[in-house]
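All values below were derived from every heavy atom in this structure, side-chain atoms included, with hydrogens, water molecules and symmetry-related copies excluded.
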Amino acid sequence: MDSLLAGLWAAIELVVTLDPDLVEITLRSLQVTVTAVVIAAFIGLPLGAWLTLTRFRLRRVTVAVLNALMGLPPVVVGLVLYVLLSRAGPFGVLDLLFTPTAMVIAQIVIVTPIVASLCHQATRELWFLYHDLLISMNTTKWQRIRTLLWDGRRALLTAVLTGFGRAIGEVGAIMIVGGNIDHVTRVLTTAIALEVGKGDFALALGLGLVLIALAVLINLAIHSLSRTEKEGTW
Amino acid sequence: MVEAEALFPVVLDDVSVYRKQTRVLGPLNIRFEQTGCTVLMGPNGAGKTTFLRLLHGLVRPREGKVVWALPPEQTYARQSFVFQTPIVMRRTVQDNIAYPLIVRGAGKRQGRQQADEWIDRVGLAHVAHKDAGVISGGERQKLALARALITAPDVLFLDEPSTNLDGASTRDIEALIQAVVRDGTRVFLATHDLGQARRLADNILFIHHGAILEHAECDAFFDHPATPEARSFLRGDILL
Ligand SMILES: Nc1ncnc2c1ncn2[C@@H]1O[C@H](COP(=O)(O)OP(=O)(O)OP(=O)(O)O)[C@@H](O)[C@H]1O
Ligand SMILES: [Mg+2]
């Protein structure tokens, strides 16, 4: 108990004094996750809206697959990517294994279905409301997509934040494809796993505090977004 | 309004609309010319909304054809539709009204400027920058009307545009409709308000059970309704 308290105390000290290691790892985490989430949003949001607006034979199946991919086990994503990116694999020549880029790719794979699926749900509701109007106005498909994305922006921001929350706390996939290399691919979650293994609770707890703070911030944002949405202010 | 003339006549040739196995409209054989205001009357469920949507291409007939004088892609872009339940987009009132112009490639500033003119004309200045989701039912209807008129359509479909309006607003809206008719816009309007029909109609289309029972000049319809159904409708009896 005492050692835990001491660890917590040391952790707070690390956070307050902006310990260089802690700052470096936090920044790398943010860099990887923000990059991945931005790219996932650019793919997932139009994809979700497009699925709402396009009738084709396999649409139901596609939506079902997308929903299933939301629950993709990250470890499996990591494993598959590892095989693809490893020397002997089909993308081995790119030499991406154990780089931040590989971690970004892994997170894109994990986050895109989440964003696309949540976006699909949100835009479908909106389309139900809008379709007579937008058809009557002779809008092009691209205009419809843009309109749904813009008018649904609260719900879509929530979708993106949800994806961010998933990615920033994710450890399985990036551990495998990133390798948790100090000063290269070490991020919040992988560092915690390592420090706990080493018995260095201070740094692990400090990193954990940062992670918790980020998660709380995201959830506060999601909460306030959904509240303003309900009040009818967009 | 030179190009506007090319849109008409619109001809309906043995047109029927079905929902599942039931025919809700038709068979219709009718044609409309360029000018004036046609008012659709008839009891609830008669098919007025379906008829308006059919003309505007939102409902496809299972039998027959609705033929405008121009191909569809040129036709529908020059028409505006005000729905029975106003559809408001999740934007400010101003951006709602500017939306059709933006769709047509206008810049945001120009769109908003023109929207402001219409906001004044329909009397929405006090809510112009509010989110459209929080305005009242009557204000929504005014928004929908302004949004329909901002593109200066050649054809305007109005599905009970004043059901939620107070007396003064109804008068204002009717004046607005009369003005656009004078300026050459072809108006099709569904209403349950006999007074409004009298004030606005050049001719009346009386629909019952999906069939057109009468298509007559306004005065003729009100003074000498030809069918027993129209007579009892005008008396306010329940129609079966
Ligand atoms: N999407 C639909 N599915 C099934 N039936 C429909 C649908 N739309 C309309 N109908 C039916 O078609 C008939 C005509 O409906 P319509 O909305 O055109 O009536 P209306 O004359 O506009 O009535 P109101 O005065 O109540 O607005 C009704 O019996 C209605 O139940
Ligand atoms: Mg109706």
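In this structure, CD1 on B:Ile102 lies 10.5 Å from CD on A:Gln143, to the nearest 0.5 angstrom. The OH atom of A:Tyr130 lies 6.5 Å from the CZ atom of B:Arg90; values are rounded to the nearest 0.5 Å.
Enclosure of atom OH in A:Tyr82 is not indicated, since only 12 or fewer non-hydrogen atoms of other residues, nucleotides or ligands lie within 6.0 angstrom. Sparse packing is recorded around CZ of A:Phe128, with 12 or fewer heavy atoms of other residues, nucleotides or ligands lying under 6.0 Å away. Summarising the local packing, NZ of B:Lys65 is surrounded by 12 or fewer heavy atoms from other residues, nucleotides or ligands at distances under 6.0 Å. Annotation for A:Glu125: atom CD does not count as buried by contact number, only 12 or fewer foreign heavy atoms lying within 6.0 Å.
Judged as a ring pair (Phe, Tyr, Trp, His ring centres under 6.0 Å), the pairs with a partner in residues 83-132 of chain B (not counting sequence neighbours) are, in order, B:Phe81-B:Phe83.
Between B:Arg91 and A:Thr147, the closest side-chain pair of non-hydrogen atoms falls below 4.5 Å. Between A:Asn138 and B:Arg104, the closest side-chain pair of non-hydrogen atoms is not below 4.5 Å.
For residues 35-59 of chain B, the interface with chain A (any heavy-atom pair closer than 4.5 Å) comprises B:Arg53, B:His56, B:Leu58, sorted by residue number.
In terms of heavy-atom pairs under 4.5 Å with chain B, the best-connected choice from A:Thr139, A:Leu126, A:Asp132 is A:Asp132.
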